[in-house]
Amino acid sequence: MSGDGLADFILEAAGWSQLNALEPRCRAALAAAAERAGDVRTGAAAVLFADDETVQELNERFRGKDRATNVLSFPAPEAEPYPGDIVLAYETCKAEAEQRGIALIDHAAHLVVHGFLHLNGYDHQEEEDAQVMERLESEALSAVGIADPYAD
């Protein structure tokens, strides 16, 4: 499955636009995730590369948590012709990448895949589900040359 049609990318926060090849990197990771996940929802997910302030507002409004987080995913109702929306917070993602010593573009690709899997019914609340989701993430990222984010 190609990356075409899996996502529409919107760069809202200026920091994201400084990353060369952000969209192609994320598209490749999404294509690898979709191939491994199998039955994914049709249509293109909306991926918003935002700032911490935007994500904090969304997190409080929809989840009751008044803080920024790295990624939020909002699955669309089943009747909608697309899987839903994914939003990444620039400052939080940048700080996490620096703390882990990884490239921000790779961390962003991981979080887009993570959000995409949530839009397609995957979750990590239970240990068994978390193992399945993390395996899919790791395999998809490995397919595009990104190190396993869950390796010790």
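- Counting heavy atoms from C-beta outward, Pro75 and Pro83 have side chains that stay 4.5 Å or more apart.
- Put simply, the side chain of Thr42 does not reach to within 4.5 Å of the side chain of Pro81, judged on heavy atoms.
- Applying the side chain to side chain donor-acceptor pair (under 3.5 Å) test to residues at least two apart or on different chains, the pairs with a partner in residues 7-18 are Glu12-Thr54.
- Judged as a salt bridge (charged side-chain N to carboxylate O under 4.0 Å, His left out), the pairs with a partner in residues 123-135 (not counting sequence neighbours) are, in order, Arg135-Glu139.
- Residue pairs satisfying the salt bridge (charged side-chain N to carboxylate O under 4.0 Å, His left out) criterion with at least one member in residues 42-57, sequence neighbours excluded, are absent.
- When all heavy atoms are compared, the tightest approach of Ala32 to Val144 is CB-CG1, 4.4 Å.
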Which atom pairs, donor and acceptor, lie under 3.5 Å between side-chain atoms of residues 100-110 and protein residues at least two apart or in another chain?
from, atom 1, to, atom 2, distance (Å)
Asp106, OD1, Arg25, NE, 3.0
Asp106, OD1, Arg25, NH2, 2.8
His107, NE2, Glu96, OE1, 2.7
His110, NE2, Glu137, OE1, 2.6
His110, NE2, Tyr150, OH, 3.4

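- With values rounded to the nearest 0.5 angstrom, Phe74 atom CZ is found 5.0 Å from Leu58 atom CG.
- Using a 4.5 Å cut-off between side-chain heavy atoms of Ile, Leu, Val, Met, Phe, Trp and Tyr, with links allowed through other members, Leu11 and Phe116 fall into the same hydrophobic cluster.
- Put simply, CD on Glu91 and CG on Asn70 are 12.5 Å apart, with the number rounded to the nearest 0.5 Å.
- When the side chains of ILVMFWY residues are joined at heavy-atom separations under 4.5 Å, either directly or via intervening members, Phe62 and Val71 end up in two distinct hydrophobic clusters.
- Partners of Asp85 according to the side-chain hydrogen bond (donor to acceptor under 3.5 Å, both in side chains) rule, which considers only residues two or more places apart in sequence or in another chain, do not exist here.
- No side-chain donor-acceptor contact under 3.5 Å links Arg41 to the backbone of Asn120.
- Residue Glu23 holds its CD atom at 10.5 Å from CD1 of Ile10, rounded to the nearest 0.5 Å.
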* **Verdict with supporting geometry, His124 and Gln131, side chain to side chain contact (heavy atoms under 4.5 Å, CB included)** => CA-CA 8 Å; His124 47 80; Gln131 289 175 1; over 6 Å; no
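- With hydrophobic clusters built from ILVMFWY side chains whose heavy atoms lie under 4.5 angstrom apart, Val40 shares a cluster with Leu30.
- The CG atom of Leu141 sits 9.5 Å away from the CZ atom of Arg36 when rounded to the nearest 0.5 Å.
- Using a distance-only test at 3.5 Å, with no hydrogens or angles considered, no donor-acceptor pair links the side chain of Asp66 to the main chain of Gln56.
- Under the rule for a side-chain hydrogen bond (donor to acceptor under 3.5 Å, both in side chains), Thr69 has no partner lying at least two apart in sequence or in another chain.
- A donor-acceptor contact shorter than 3.5 Å links the side chain of Arg27 to the backbone of Ala7.
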* To do: For the pair Cys26 and Phe49, evaluate side chain to side chain contact (heavy atoms under 4.5 Å, CB included) and give the outcome as yes or no after the intermediate values.
  => CA-CA 11 Å; Cys26 290; Phe49 291 96; 4.0 Å; yes
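- Listed here is the closest heavy atom pair of Ala140 and Ala29: CB-O, 4.1 Å.
- Ile86 and Val55 fall into different hydrophobic clusters, where Ile, Leu, Val, Met, Phe, Trp and Tyr residues are linked whenever their side-chain heavy atoms come under 4.5 Å apart, directly or through other members.
- Counting only distance, with no hydrogens or angles, the side chain of Asn59 and the backbone of Arg67 share a donor-acceptor pair below 3.5 Å.
- Considering every non-hydrogen atom in both Tyr90 and Gly15, the closest pair reads CE1-C, 3.4 Å.
- Placement of Phe9 and Leu19 within a single hydrophobic cluster is found when ILVMFWY residues are connected by side-chain heavy-atom separations under 4.5 Å, directly or transitively.
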